[in-house]
Amino acid sequence: MSKKAIKEDIFWVGALHPERKLFDALMPLPYGTTYNAYLVRGSEKTALIDSVEPEKMADLFRNLEDVEKIDYIVCNHTEQDHSGSIPEVLGKYPEAKVLCLQKTKEMLQDLMTIEDRYFQVVADGEEVSLGNKTLRFLHLPWVHWPETTATYIPEDKILFSCDLFGSHYSFGDNLFAGGNPAVYKEAREYYAEIMMLYAKVSAKHLDRVGALDLDYICTSHGPVYDQPQRILDLYDDWMRGGPKNLALVAFVSTHGSTRIMAEHLAAAIKKQGVEVKLFDLVGLPLNDISSTLVDAATIVLGSSVVMSALHPYAVNAAFLIDRLKPKAKFAAVFGSYGWSPAPLKEAAKLLPSLKVELLGTVIAKGHPKGGVFAELDALAAQIADKHRAAGLL
Ligand code: FEO
């Protein structure tokens, strides 16, 4: 997509990347992604807000073809998908100053070569005038890096929120999110995989952002929010709301025994009145799992025992679940083994960061039989009791 107006003298000038399959060599991108840069033309000065992933630099420069002078390059975030083209932008516009926090300057100089003379350091809350438009800088640490900053233009009621509120959604010609449910689904997965880990320390930023007069929220990935309250309300629920009456059951099975246990347990949980989402870990459906973790009150992990250990897919999933730091309150483990149940008995140790109550471990020797099904039924009843006691059911 080429340059597109958002408001008078404010333009999207970034790049679409619909063919990108993974972010951070980990997160699946079913809709690709975008790297959003914005051009703000004030009556006296012109600012470029962020840049693009270097691989897509040609798109940025094509969108800047008619721009003769840039006075400021705002660096809201130093991760290279937004900052990586700044050296080349400075090469084309050597008179420009990079506006950023001191911390941002230091991190930027760690990641790439930009001489001191190009920087104009600003502080949290400071304003820089473009004439009839003002850039106000809001330091919002840990969404999701320590230096992350948002830039607000009060005259236009626009917030450039960087990664915060983003979505990996390559939007074609539809710059604005409107009420497109696919955008909000991707925004939820993006939140789960990037922001949830820091929700406890960064939720307070929602108050600061919510106090702004807003017509648009322009993120660094995905469409511009033209109904900003919608994404603010969702983030409020994701970041500050409690868990819901939902159990995640994720398993990997080598010969079908653990699968039988997983399917029986999921059905039993559902029968108890608890919503359940069941995932086979083969292929690691990370987006589905992380999205479920935003609300799940209970996490149940199932694994076969292979190579005298838990299956690597279960270990991998446990590591990711632990690092994403979801708000779950309860956890349990189940699985089948051939000759040593020890790995299953130790499995809960794979979730050291979660502040969960462990509800137990159900283990089958080989193919599950009557007693195992009764234990799974009891676990499902226990999950429901816990949800009931927590006021979720
Ligand atoms: Fe989209 Fe933290 O970079």
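Remember, it's 1-based here, ligands and their atoms both numbered in the order they're listed.
- A salt bridge between D237 and R188 is absent, with no side-chain N of the basic residue lying under 4.0 Å from a carboxylate O of the acidic one.
- If you take CG on L248 and OG1 on T292, they are separated by 6.0 Å, rounding to the nearest 0.5 Å.
- Surrounding CD of E8 are at most 12 heavy atoms belonging to other residues, nucleotides or ligands under 6.0 Å away.
- Nearest to atom 2 (Fe) of ligand 1, among the N, O or S atoms that D163 has, is OD2.
- For D81, the N, O or S atom closest to atom 1 (Fe) of ligand 1 goes by the atom name OD2.
- For NZ of K7, the number of neighbouring non-hydrogen atoms (other residues, nucleotides, ligands) closer than 6.0 Å is greater than 12.
- At a cut-off of 2.8 Å, E79 coordinates atom 2 (Fe) of ligand 1 through an N, O or S atom.
- At atom 2 (Fe) of ligand 1, the angle from NE2 in H77 to NE2 in H144 is 100° when rounded to 10°.
- Of the angles at atom 1 (Fe) of ligand 1, the one spanning NE2 of H221 and NE2 of H82 is 90° when given to 10°.
- Between the side chain of Y38 and the backbone N or O of I6, no donor-acceptor pair lies under 3.5 Å.
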